[in-house]
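The basis for the numbers below is simple: all heavy atoms, side chains too, and nothing from hydrogens, waters or symmetry mates. Every chain is numbered from 1 and lettered A, B, ... according to where its sequence line falls, protein lines coming before strand lines.
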2 protein chains.
Amino acid sequence: MSRASDRAYNLIRSMILSGELQPGSQIREEALAELCGVSRTPVRDSLRRLEAEMFIRRNDSKRSFVAAWSLDDLEDAFHLRAMLESHAAKRAATRITRDQLARMRFQNAQLKQAVDAIHPDVPRFIDHNRQFHAILLKAAASERLTSMLSQVTEQPVVLRTARQYDLENLRRSHHEHEELLIAFENRDGDWAAAVMTAHIRRAFHAYAEAHSSYTEIGKSNLAA
Amino acid sequence: MSRASDRAYNLIRSMILSGELQPGSQIREEALAELCGVSRTPVRDSLRRLEAEMFIRRNDSKRSFVAAWSLDDLEDAFHLRAMLESHAAKRAATRITRDQLARMRFQNAQLKQAVDAIHPDVPRFIDHNRQFHAILLKAAASERLTSMLSQVTEQPVVLRTARQYDLENLRRSHHEHEELLIAFENRDGDWAAAVMTAHIRRAFHAYAEAHSSYTEIGKSNLAA
DNA sequence: GTGCAGCTTATTGTATACAAATGCCATTCG
DNA sequence: CGAATGGCATTTGTATACAATAAGCTGCAC
C-alpha cells in the first residue's frame with residue numbers, strides 16, 4: 001500500500017489492538033482522518049480492510065464499530081486457527097526445504113533465548129514466534145491458506161491479555177516447536193499436524209486462563 | 001453496500017466469473033468505471049473486495065489483474081473448503097433447529113426436482129444447492145467460518161466448467177445431502193463431517209474431470 | 001405522557017481534480 | 001548491438017466538494 005493508506009491502516013489497527021479504540025465504540029471516518037493526518041479516502045480504504053479482517057463491524061446503515069468478541073468467539077477463532085495451521089503443518093512437512101528448516105530452527109533457538117534470559121524479553125519472543133510460523137506457512141505453499149490464517153492469528157490480541165501469559169507457557173511453545181521440527185525432519189505430516197493442533201489448543205487455554213483471571217481482577221475491583 | 005458500489009461489485013464479479021474479463025488480463029479502474037457507469041471511487045472499493053476474495057491480484061506496483069488459477073490451486077481451494085465445511089457440518093449437527101432442518105429438507109427436495117424433471121434446470125439446482133449450504137452454515141453459527149467459506153466456495157466457477165458436470169453428479173449431491181440430513185437428525189457431528197468431506201471431494205473430482213475434458217478439447221482445437 | 005412528522009444534523013457515498021508513482025519507449029552512449 | 005537514461009504516457013493514490021442517507025431531536029397531536 002501507499003504511504004497515507006498504510007499509515008492509516010497501521011495506526012487504526014494498533015489503536016484497536018491496544019484498546020485505545022474500545023470494542024463496541026463507533027468509528028467515524030473523519031475523526032480517524034484527522035487523527036492520522038490524512039483525508040477520508042485512505043481511511044475508508046483501511047476500514048474496509050479491517051472490516052474484512054473482522055476487526056471492525058458495520059451495521060445496516062454503514063456505520064462502523066470496533067468489533068467486540070466474547071470468549072466463545074475467541075475459542076471459535078482458535079479452533080479455526082488450529083484446523084488451518086495444522087493443515088499448513090501437514091503440507092509443510094513434505095515440502096519444506098533444508099534452508100527453511102534451518103531458519104525455523106534458528107528462530108526457535110532465538111525465542112528460547114528470549115525467555116531463558118535473566119531478563120526475559122517477551123516482545124522479542126513474540127517476534128521470533130511470528131517468524132517461526134511465517135516460515136512454516138511459506139513452506140506450506142498455499143496462498144489461500146496464508147490469506148485465511150492471517151484472519152485468525154492476530155485476533156486474540158484484542159483481549160489485551162496476550163502478553164500476560166507466563167514464561168512457563170512460552171517455554172512450552174519452544175518445546176512444541178522442537179517436536180514440530182523433528183516431525184518435519186521425518187517428513188511426517190500427520191505427526192506435524194497433531195503437534196500443531198496441540199500447540200494451538202494449549203495456547204488457547206493459556207489465553208483463556210489469563211483472560212479469566214484478568215476478568216476476575218476487574219470484577220473484584222468493581223466489588224471493592 | 002450502496003447502489004453504485006454494489007452495481008460495480010456485482011458487474012465486475014460477474015464479468016470475471018463469466019470469463020468476459022479473462023484470467024491474467026489487466027484491469028484498469030477507469031475502464032471499469034465507464035463500463036459500470038460510475039466513477040472510479042466505487043470501482044476501487046469493489047476491486048479491494050474482489051482482491052480480498054482473491055478474484056483479483058495486484059502486482060507490486062498496484063496494478064490489478066484477473067486472478068488465473070491452476071488446477072492445483074483449485075484443488076487447494078477445494079481442500080480448504082472440505083475442511084471448513086465439514087467443520088461447519090459438525091457444529092451444525094448439534095445446533096441445528098427443527099425449522100432449519102425442515103428448510104434444508106425442502107431445499108434438497110427442490111434441487112432433486114430440478115434435475116429429475118424432463119427438462120433439467122441446472123441453474124435452479126445450483127440455487128437450491130446454494131441455499132441448502134447457506135442454511136447449514138447459519139446453523140453452524142460461526143461468523144468467522146461463514147466469512148472464510150465465502151472465500152473458497154465461489155472460486156471454482158472461474159474455470160467456467162462449473163455448470164457442465166453431468167446430471168448423474170448432481171443426483172449424487174442430492175443423495176449425499178440426504179445422508180447429511182440423517183446424520184443431523186441423529187445429532188452425529190462426526191458422521192455429518194465425514195459425509196460433507198466426501199461430498200466436497202467428489203464435487204472437486206467432478207469439476208476436475210469436466211475441466212480436463214474441456215482442456216483436451218481446447219488442445220485438440222489447437223492441434224487441428 | 002406517548003407516538004409520530006418533519007426538520008436538522010451527523011455520517012457515509014460518489015464524483016472529480018490533481019498528485020505521485022510506475023511502465024514504456026526512444027534515444028544515446030559505451 | 002546492448003544497456004542505461006531520460007522523458008512522456010498510463011495508471012493508481014489522495015484530497016476535497018458535494019450528494020444521499022440515516023439518526024436524533026423538537027414540537028405537535030391525541
Query raised in the report: If you pin B/Asn59 and B/Gly37 to their nearest nucleotides in DNA chain C, which one's is more 5'?
Result: B/Gly37

Query raised in the report: What do you reckon, is CZ of A/Arg103 surrounded by more than 12 foreign heavy atoms closer than 6.0 Å?
Result: yes

Polar-atom pairs under 3.5 Å, protein N or O versus N or O of nucleotides 8-10 of chain C: list them with distances, or write none.
none

Report task. Please collect all salt bridge (charged side-chain N to carboxylate O under 4.0 Å, His left out) contacts where either partner lies in residues 23-36 of chain B, sequence neighbours excluded, each pair once. Result -> B/Glu29-B/Arg40, B/Glu29-B/Arg44

Requested in this report: Determine: side-chain N/O of B/Thr41 to OP1/OP2 of C/dT14, distance under 4.0 Å, yes or no.
Outcome: no

Report task. Between A/Val38 and B/Ser61, name the one whose nearest nucleotide on DNA chain D is closer to the 5' end. Result -> B/Ser61

Report summary line: The residue, A/Asp60 or A/Ala4, whose nearest nucleotide of DNA chain D is more 5′ is A/Ala4

Query - Qualifying residues under ring-ring contact (aromatic ring centres under 6.0 Å, His included), relative to B/Phe184, sequence neighbours excluded - result: none

For [X], what residues pass the salt bridge (Lys or Arg N to Asp or Glu O under 4.0 Å) criterion, not counting sequence neighbours?
X: B/Asp76; result: A/Arg91
X: B/Lys138; result: none
X: A/Arg130; result: A/Asp127

In this structure, how many angstroms lie between the [atom2] atom of [N] and the [atom1] atom of [X], rounded?
X: A/Asp45; N: D/dT12; atom1: CG; atom2: C1'; result: 11 Å
X: A/Arg7; N: D/dA15; atom1: CZ; atom2: C1'; result: 14 Å
X: B/Arg3; N: C/dT14; atom1: CZ; atom2: C1'; result: 11 Å
X: A/Leu32; N: C/dT12; atom1: CG; atom2: P; result: 9 Å
X: B/Glu34; N: D/dT10; atom1: CD; atom2: P; result: 14 Å
X: A/Glu29; N: C/dT11; atom1: CD; atom2: P; result: 11 Å
X: A/Arg40; N: D/dA15; atom1: CZ; atom2: C1'; result: 11 Å
X: A/Arg58; N: C/dT11; atom1: CZ; atom2: P; result: 14 Å

Query raised in the report: Mind checking what makes side-chain hydrogen bond (donor to acceptor under 3.5 Å, both in side chains) contact with A/Asn108, not counting sequence neighbours?
Result: A/His174, A/His177, A/Glu178

Report summary line: Sequence neighbours excluded, the answer for side-chain hydrogen bond (donor to acceptor under 3.5 Å, both in side chains) partners of B/Gln26 is none

Just the table, please: protein N/O against nucleotides 5-9 of chain D N/O, every pair under 3.5 Å.
none

Query raised in the report: A/Leu47 near the nucleic acid: base, sugar-phosphate alone, or nothing, with a heavy-atom cut-off under 4.0 Å?
Result: nothing

Requested in this report: Output the single nucleotide from D/dA15, C/dT12, C/dA15 whose closest atom is nearest the side chain of A/Lys62.
Outcome: C/dT12

Query raised in the report: Are side-chain heavy atoms of B/Glu75 and B/Arg201 found at a separation under 4.5 Å?
Result: yes

